[in-house]
Amino acid sequence: MSTTPVIEVERLNLTYGDFHAVKDLSFEVRPGELYALLGTNGAGKTTTLEVVEGHRRPTSGTVRVFGHSPAERRAVRPRMGVMLQESGFSPDLTVRESVGLVGRLTRRTDNVDRVLDLVDLTGRAGRKVSQLSGGEKRRLDFATAVYGTPELIFLDEPTTGLDIQSRDAVWTTVDRLRENGATIVLTTHYLEEAQQRADRIGLMHEGAFHREGTVSELTRTLPAVIRFSVPVPAPMLPVRADVAADGTVMVETFELQKDLHLLLGWAQDHAVELRDLAAGPTRLDDVFRAINS
Ligand code: ATP
């Protein structure tokens with residue numbers, strides 16, 4: 001597989017009037033990767049994606065998609081599928097007509113029935129878009145991204161508003177596309193989805209990267225947490241901990257396994273029950289919460 005990046009963004013800036021929405025942003029997405037662009041509200045994710053997708057021109061900086069400027073639509077557009085937050089299908093068209101229209105607009109070829117089946121809308125094919133439920137509309141949006149099995153797929157909050165079965169179905173389809181070599185760019189506010197699936201994450205805040213890397217690179221910067229409570233007064237703990245007056249204990253650690261082992265041994269030796277014991281590795285949520293602290 002080629003290692004030339006599918007997307008190269010170099011010192012991208014975008015201003016809306018005098019508001020600087022994206023500031024000197026650089027990143028690349030490699031072939032076959034699932035790259036998640038995450039961030040706080042208003043961080044500039046959608047703006048960045050709009051530039052990469054060719055919907056918006058940068059104020060400065062360079063963007064290359066398959067080695068081309070996104071403005072070269074004929075070279076780039078047929079190779080990428082885009083699921084926007086709202087696709088804006090005409091409410092009067094049927095689902096089948098809408099999916100057919102995707103093929104004409106993207107110049108990709110596919111079988112409409114295959115795509116309807118893939119996004120589980122076969123039973124709604126004759127229905128008008130205006131009559132679809134929120135989740136069904138979202139699945140129709142998903143069809144725009146997967147029609148013609150493009151090499152590069154943008155998914156902007158793909159599972160928002162979907163029930164758990166539909167979410168799983170979306171991810172199963174994405175997994176299958178990835179097995180066939182597709183590159184995926186994802187934005188989502190469901191951090192667990194990113195934590196489970198992203199090869200790398202760009203975490204944006206106020207127009208720039210707060211952090212970029214794999215999930216473990218991002219979470220490694222923060223401690224894991226162990227919580228429990230003990231009857232007070234308790235014997236001296238074997239690790240550094242915050243002990244509240246009511247006996248609630250919190251241990252922050254970069255060595256979760258070792259400290260947990262010490263604590264369990266200590267509890268055994270002193271016949272102390274660790275009530276409500278919970279130990280968790282650092283999660284992306286914690287990295288997010290730390291942005292503003
Ligand atoms: P969210 O997670 O809330 O969807 P986002 O990271 O996708 O946010 P953007 O939609 O890219 O953020 O917006 C970045 C900033 O630019 C925000 O402060 C937003 O208010 C501003 N902005 C976006 N579009 C415009 C516009 N057309 N004109 C002026 N400001 C805009």
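Start at 1 and go down the list; that is how both ligands and their atoms are numbered. Just so it is clear, the structure is predicted and the values come from calculations on it, not from any experiment.
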Worksheet entry | Residues that Glu33 engages under side chain to side chain donor-acceptor pair (under 3.5 Å), provided they are two or more places apart | Arg200

Response to the item:
In chain-and-number order, ligand 1 lies under 4.0 Å from a heavy atom of each of Tyr16, Phe19, Ala21, Thr40, Asn41, Gly42, Ala43, Gly44, Lys45, Thr46, Thr47, His189

Item to complete: Name the orientation class of the two ring planes belonging to Phe19 and Tyr16 (parallel below 30°, tilted from 30 to 60°, perpendicular beyond 60°).
Response: parallel

Response to the item:
Residues at least two apart in sequence or cross-chain that pass salt bridge (charged side-chain N to carboxylate O under 4.0 Å, His left out) with Arg167, listed by chain then number, are none

Contacts table for residues 222-246: side-chain donor-acceptor under 3.5 angstrom, sequence neighbours left out:
unit_1, atom_1, unit_2, atom_2, d
Asp246, OD1, Thr248, N, 3.0
Asp246, OD1, Thr248, OG1, 2.8
Asp246, OD2, Thr248, OG1, 3.1

Worksheet item: Within 45 degrees of the axis of the six-membered ring of Tyr147 and under 6.0 Å from its centre: does Arg108 put its NZ or CZ there?
Response: no

Discussion item. Parallel, tilted or perpendicular: which one describes the rings of Phe27 and Tyr35, with boundaries at 30° and 60°?
Written reply: parallel

